[in-house]
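Heads up, the thing below is written out as structure tokens.
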Amino acid sequence: MYALLATAAEPAAVELQLWDDGGSPASDVRKVAAASLAGAVRATEREHRPRWVWDRAQHWYPGLLAAGTRVERCHDLALCQAILLHSQFTAGTGYRQRARALPPEDLPPAAGPDTAQGSLFDQPARNAGWGLDAVAAELAAQKTAIASSTHPARLSLLTTAESAGALVAAEMQNEGIPWRTDLHRRLLDELLGTEPPDHARPPKLEALAVELRAALDAPALNPDSPQDLMRALHRAGIDAKSTRSWELQEYQHRAIGPLLAYRKLSRLFTTNGWAWLDQWVRAGRFHPEYLVGGVVSGRWASRGGGAMQIPKQIRGAAVADPGFKLVVADAAQLEPRVLAALAQDSAMAAAGRDKDLYAGIAAQGFGGERAMAKVALLGAIYGSTSGESGRLMPQLTRMYPRAVGFVEEAARAGERGEQVSTHLGRSTPPVSEQWRAGQRSSTADEQRRAESAARSRGRFTRNFVVQGTAAEWACCWLAELRRRLRALAPEPALLPDRALAPAGGAPAGTAITTRPELVFFLHDEVMVHCPDALVGAVTEIVHESSRVATRLLFGRIPLEFPVNVTVVDSYADAK
DNA sequence: GCACTGAGCGCG
DNA sequence: AAAGCGCGCTCAGTGC
């Protein structure tokens with residue numbers, strides 16, 4: 001059962017259409033004003049449990065969530081099209097010719113309770129949206145492409161997981177990470193001093209700048225200017241070739257201490273200081289925007305507030321509401337395990353029999369040196385040629401010829417300008433004509449550049465197959481986790497919607513929902529904001545979902561993907 | 001004034 | 001010890 005959702009020709013109106021799985025024409029067409037969309041969707045969801053088909057979840061779902069409506073399943077045409085257009089698995093299906101151009105990405109968010117009051121001029125782009133016919137046609141084209149591809153089951157899983165990811169992303173965005181403004185401010189106070197007016201430099205930072213200028217005998221130095229700083233360092237006899245912290249560490253000079261301290265605090269002040277709090281934290285929640293499949297490899301990206309770079313320094317401000325815990329889980333050595341599975345390297349799988357794959361590898365051939373094993377393995381996945389990991393490669397190759405051979409092959413294909421694919425069929429974009437032309441260059445200088453470009457692309461494709469497949473595993477994990485969390489606590493969280501709560505009602509950070517909610521996801525890590533009573537059940541679900549994800553991707557294999565779970569009040573205490 | 005790049009650094 | 005993958009964000013600096 002599908003339910004199609006599309007913009008109609010008139011602004012501020014949308015259409016729903018139900019489809020049975022045979023793809024027979026509309027059996028139940030509802031045309032609704034945007035203002036009542038949430039109600040119509042809720043009713044349809046209750047009666048039919050359909051898979052919603054829409055151009056982009058990101059344009060419909062936030063509005064529905066704001067109006068208290070959750071959706072169980074969907075097919076996100078934009079995300080799936082992005083996969084199918086480039087996938088090597090669909091190369092022979094003719095989908096590229098049949099695919100329809102998507103509506104522009106900057107359509108306004110759909111159909112919240114307020115949108116009907118907006119003037120027509122508020123939503124000019126709505127007219128450019130898809131109608132039902134276009135939605136139906138694109139869905140049919142995608143289904144055909146998947147069915148006639150070289151790996152229908154894999155692409156079907158990938159598009160389903162990606163679409164579920166779109167739902168998770170919107171829900172997490174809506175929910176937000178519990179964020180204690182008071183704790184964050186206390187932290188800033190301790191590290192930076194009292195907040196100065198007008199975004200001026202805080203006291204402790206200013207003091208370090210003064211100390212630094214004195215140490216370098218440069219009274220006008222702007223420590224935020226790399227050029228300015230470089231000149232001052234050289235005058236003081238420090239002949240560093242960059243001003244990177246790790247390089248400056250090597251020098252003995254009384255300016256280095258204050259400079260490194262300044263760097264660290266300046267970073268905190270500018271990126272995650274008071275301005276960040278004002279901009280990104282509302283009502284005790286940090287609401288970043290997630291971009292599903294925003295990275296070429298299929299990883300998610302994010303926009304707003306730097307959600308994927310929350311420094312360890314401030315994680316103490318992410319604290320569960322009273323009566324709740326944070327269940328924080330991360331997949332142990334996800335990428336190396338993915339490599340072992342992809343390459344079907346049973347020696348490496350054996351090393352991962354216990355929870356710590358690196359320790360297992362160290363025991364098999366690096367004299368028990370875990371750090372060495374880790375550097376070597378990551379070097380293989382990233383394409384390192386020099387340094388310690390480069391030196392360890394021959395040893396690693398002797399131990400795991402299949403695993404190393406697998407990434408080597410991906411690298412060689414990339415160097416030849418070929419595409420490579422993840423396990424489920426996300427492929428690298430084809431190389432540009434410019435790249436290809438560069439490879440045919442004649443002069444010695446051009447040839448050196450071409451070889452360097454080829455090696456660089458080899459490192460990219462080498463990493464792509466592993467990172468991208470790891471992203472697929474994580475997406476399946478997340479989707480299964482979401483499904484099971486819904487089954488655990490099926491009551492929708494309609495107790496008063498945060499957006500509708502009376503002003504001055506619940507203070508920031510007070511519990512509003514009573515069900516466990518996914519609130520954060522980062523590559524191989526998830527966070528569930530979980531009522532105390534459900535912590536045990538949720539922990540079990542997290543583990544079980546990882547087993548399901550492994551099964552879905554790889555079938556029955558002699559390798560597990562263990563997950564580390566910690567139950568904490570504060571994110572700072574996770575791991 | 002705006003768009004862009006590079007340096008630097010946070011995360012996985 | 002400081003190379004090799006993928007990002008986002010901020011500031012300085014540059015070019016228009």
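A note on names: the letters A, B, ... follow the listed sequences, proteins ahead of strands, and every chain is numbered from 1.
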Per nearest nucleotide of DNA chain C, the residue lying toward the 5' end, L291(A) or S384(A), is S384(A)

Give one of base, sugar-phosphate or nothing for G304(A), where a contact means two heavy atoms less than 4.0 Å apart. sugar-phosphate

Would F286(A) and W276(A) count as a close aromatic pair, with their ring centres under 6.0 Å? yes

Classify Q227(A) by what it touches in the nucleic acid, base, sugar-phosphate, or nothing, heavy-atom distance under 4.0 Å. sugar-phosphate

Does a side-chain N or O from K264(A) land closer than 4.0 Å to OP1 or OP2 of dG8(B), or not? no

Please give, in whole Å, the distance from dG10(B) C1' to R315(A) CZ? 10 Å

Any base atoms under 4.0 Å from V296(A), or only sugar-phosphate, or nothing? Heavy atoms, all strands. sugar-phosphate

Within the structure shown, what part of the strands sits under 4.0 Å from S242(A) by heavy-atom distance: base, sugar-phosphate, or nothing? sugar-phosphate

Classify the glycosidic conformation of dG4(C) as syn or anti, calling it syn when the angle lies within 90° of 0. syn

Between R457(A) and E451(A), is the closest basic N to carboxylate O distance under 4.0 Å? no

How are the rings of F561(A) and W473(A) set relative to one another: parallel (under 30°), tilted (30 to 60°) or perpendicular (over 60°)? parallel

When the distance from CD of Q309(A) to C1' of dG10(B) is rounded to whole Å, what number comes out? 6 Å

Mind checking G305(A) for me? I need base, sugar-phosphate or nothing, with any heavy atom below 4.0 Å counting as a touch. sugar-phosphate

Classify the ring geometry of H423(A) against F554(A): parallel below 30°, tilted from 30° to 60°, perpendicular beyond 60°. tilted

Contact interval (first through last nucleotide) of DNA chain C with protein chain A, 4.0 Å heavy-atom: dA2(C) to dG13(C)

How close do R426(A) and F464(A) get, heavy atom to heavy atom, and via which atoms? O-CE2, 3.4 Å

Value in whole Å for how far the C1' atom of dA7(B) lies from OH of Y262(A): 15 Å

Whole angstrom is fine here: how far is it from CG in L248(A) over to P in dG8(B)? 9 Å

Please work out if S225(A) contacts a base, only the sugar-phosphate, or nothing of the nucleic acid, heavy-atom cut-off 4.0 Å. sugar-phosphate

Taking any heavy-atom pair under 4.0 Å as a contact, classify T270(A): base, sugar-phosphate, or nothing. sugar-phosphate

side-chain N/O R244(A) vs dG8(B) OP1/OP2, d < 4.0 Å: yes

When the C1' atoms of the five terminal pairs at each end define the local axes, what inter-axis angle does the helix from dG1(B)-dC16(C) to dG12(B)-dC5(C) show, to 10 degrees? 10°

Side chains of Q364(A) and Y400(A) only: does a donor on one sit below 3.5 Å from an acceptor on the other? yes

S570(A) and D573(A): CA distance, side-chain angles, deciding distance, side chain to side chain contact (heavy atoms under 4.5 Å, CB included) verdict: CA-CA 6 Å; S570(A) 166; D573(A) 301 328; 3.8 Å; yes

In whole Å, I'd like the distance from the CG atom of D224(A) to the C1' atom of dG6(B). 15 Å

Correct closest heavy-atom pair for Q58(A) and D76(A) would be N-OD2, 4.4 Å

In whole angstroms, the gap separating C1' of dG10(B) from CZ of R263(A) amounts to 13 Å

Test: D224(A) and R201(A) ion pair at under 4.0 Å: yes

Heavy-atom nearest nucleotide on DNA chain C taken for R299(A) and for W280(A); more 5' hit belongs to R299(A)

Decide yes or no on side chain to side chain contact (heavy atoms under 4.5 Å, CB included) for Y358(A) and L378(A), but give the supporting numbers first. CA-CA 10 Å; Y358(A) 297 132; L378(A) 291 179; 3.8 Å; yes

Return the value, rounded to whole Å, for the distance between atom CG of D228(A) and atom P of dA7(B). 16 Å

Should T243(A) be listed as having a side-chain N or O under 4.0 Å from OP1 or OP2 of dG8(B)? yes

Round to the nearest Å and state the distance from L260(A) atom CG to dG8(B) atom C1'. 13 Å

Within 90° of 0 counts as syn, otherwise anti: where does dA3(C) fall? syn

Contact class for I310(A) (heavy atom, under 4.0 Å): base, sugar-phosphate, or nothing? sugar-phosphate

At under 4.0 Å between heavy atoms, what does N272(A) touch on the DNA or RNA strands: base, sugar-phosphate, or nothing? nothing

Lys/Arg N to Asp/Glu carboxylate O, E560(A) vs K355(A), below 4.0 Å: no

Base, sugar-phosphate, or nothing: which does F464(A) touch, judged by heavy atoms less than 4.0 Å apart? nothing

